[in-house]
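Structure, as structure tokens:
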Amino acid sequence: QVQLVESGGGLVQAGGSLRLSCVGSGIIFRFYAMAWYRQAPGKQRELVARITGGGTTNYADSVKGRFIISRDNAKNTVYLQMNSLKPEDTAVYFCDSNGWDQGSYRDYWGQGTQVTVSS
């Protein structure tokens, strides 16, 4: 069985910081690219940040310079450090894992964690 479990969401004042964590199980973690998406009420889910198994990262323009994605393959964990948070960052944040594993493409999602940024 494959599970991705997010944690670290909460309520924070604008300008504050949070660190999200996502722990994967049931996969060979280092084979998978990991990503964070977010979805605000009434809006489509959007990519926030992505990191490959080799550590290459990319970010949405809206979070560049503020958010940092990282991974610890030994702990099967991906992180999203969020700094200088803005009210527009308020959303449910989802962890995604995707990659080729034993000849098949896999794509898994966590259940999401709520981030609320107040003015």
| request: Side-chain contact test, heavy atoms from C-beta onward, threshold under 4.5 Å: evaluate it for M82 versus V63 and give yes or no. | output: no
| query | Taking the side chain as C-beta and beyond, is there a heavy-atom pair between T113 and V92 under 4.5 Å? | reply | no
| said: So S21 and E6, do their side chains get closer than 4.5 Å, heavy atoms only? | reply: no
| message | Run W109 and Y37 through ring-ring contact (aromatic ring centres under 6.0 Å, His included) and show every step you take. | response | CA-CA 10 Å; W109 293 88; Y37 288 75; 4.9 Å; yes
| said: What I want to check is whether the side chains of N83 and S17 have a donor and an acceptor closer together than 3.5 Å. | reply: yes
| task | Determine whether the side chains of Q44 and Q39 contain a donor N or O and an acceptor N or O closer than 3.5 Å. | result | no
| request: Quick one: pull up CZ in F31 and CG in N73 and give me the separation to the nearest 0.5 Å. | output: 10.5 Å
| task | Quick one: closest heavy-atom pair of S119 and P87, and the distance? | result | OG-CG, 3.6 Å
| Between atom CZ of R19 and atom CD1 of I68, what is the distance when rounded to the nearest 0.5 Å? | 11.5 Å
| field | Modelled atom types, side-chain donor and acceptor of Y108 and D96, under 3.5 Å | value | no
| Residue pairs passing the salt bridge (Lys or Arg N to Asp or Glu O under 4.0 Å) test where at least one lies in residues 99-118, sequence neighbours excluded | none
| query | If you take all heavy atoms of Y32 and G99, which pair is closest and at what distance? | reply | CD2-N, 3.5 Å
| request: Could you check L80 against F67 for side chain to side chain contact (heavy atoms under 4.5 Å, CB included), going step by step and ending with a plain yes or no? | output: CA-CA 7 Å; L80 185 67; F67 291 10; 4.2 Å; yes
| field | Pairwise salt bridge (Lys or Arg N to Asp or Glu O under 4.0 Å) hits with a residue in residues 49-64, at least two apart | value | D61-K64
| field | Audit row: Y59, L47, side chain to side chain contact (heavy atoms under 4.5 Å, CB included) steps and yes/no | value | CA-CA 8 Å; Y59 298 90; L47 177 67; over 6 Å; no
| query | Would you say the side chain of F29 lies within less than 4.5 Å of the side chain of R71, judging by non-hydrogen atoms? | reply | yes
| query | Could you state the interatomic distance from CD1 (I69) to OG1 (T56), rounded to the nearest 0.5 Å? | reply | 11.5 Å
| task | Identify whether NZ of Lys or CZ of Arg in R45 sits under 6.0 Å from the centre of the six-membered ring of F94 and within 45° of that ring's axis. | result | yes
| request: Give a yes or no answer on whether the side chain of T77 reaches the backbone of K75 with a donor-acceptor pair at less than 3.5 Å. | output: yes
| Atom pair CD1 (I51) and CG (N58), whose distance is rounded to the nearest 0.5 Å | 10.0 Å
| query | Just by distance, with hydrogens left out, do S25 and Q3 show a side-chain donor and acceptor under 3.5 Å apart? | reply | no
| Do the non-hydrogen side-chain atoms of T116 and V12 ever get within less than 4.5 Å of each other? | no
| task | Would you give the length of the straight line joining atom CG of L4 to atom CD1 of I27, rounded to the nearest 0.5 angstrom? | result | 6.0 Å
| task | Please report the shortest heavy-atom distance between V78 and C95, naming the atom on each side. | result | CG1-SG, 3.9 Å
| task | Please examine the side chains of V5 and C22, heavy atoms only from C-beta on, and report whether any two atoms are closer than 4.5 Å. | result | no
| query | If you look at every heavy atom in S118 and Q13, which pair is closest and at what distance? | reply | OG-OE1, 3.2 Å
| task | Could you grab the distance from atom CD1 of I28 to atom CD of Q102, nearest 0.5 Å is fine? | result | 6.0 Å
| request: May I ask you to test the N98-Y105 pair for a side-chain heavy-atom distance under 4.5 Å? | output: yes
| Does R66 reach the side chain of D89, with side-chain heavy atoms less than 4.5 Å apart? | yes
| note | What one should report as the nearest heavy-atom pair of T90 and V117 is OG1-N, 2.9 Å
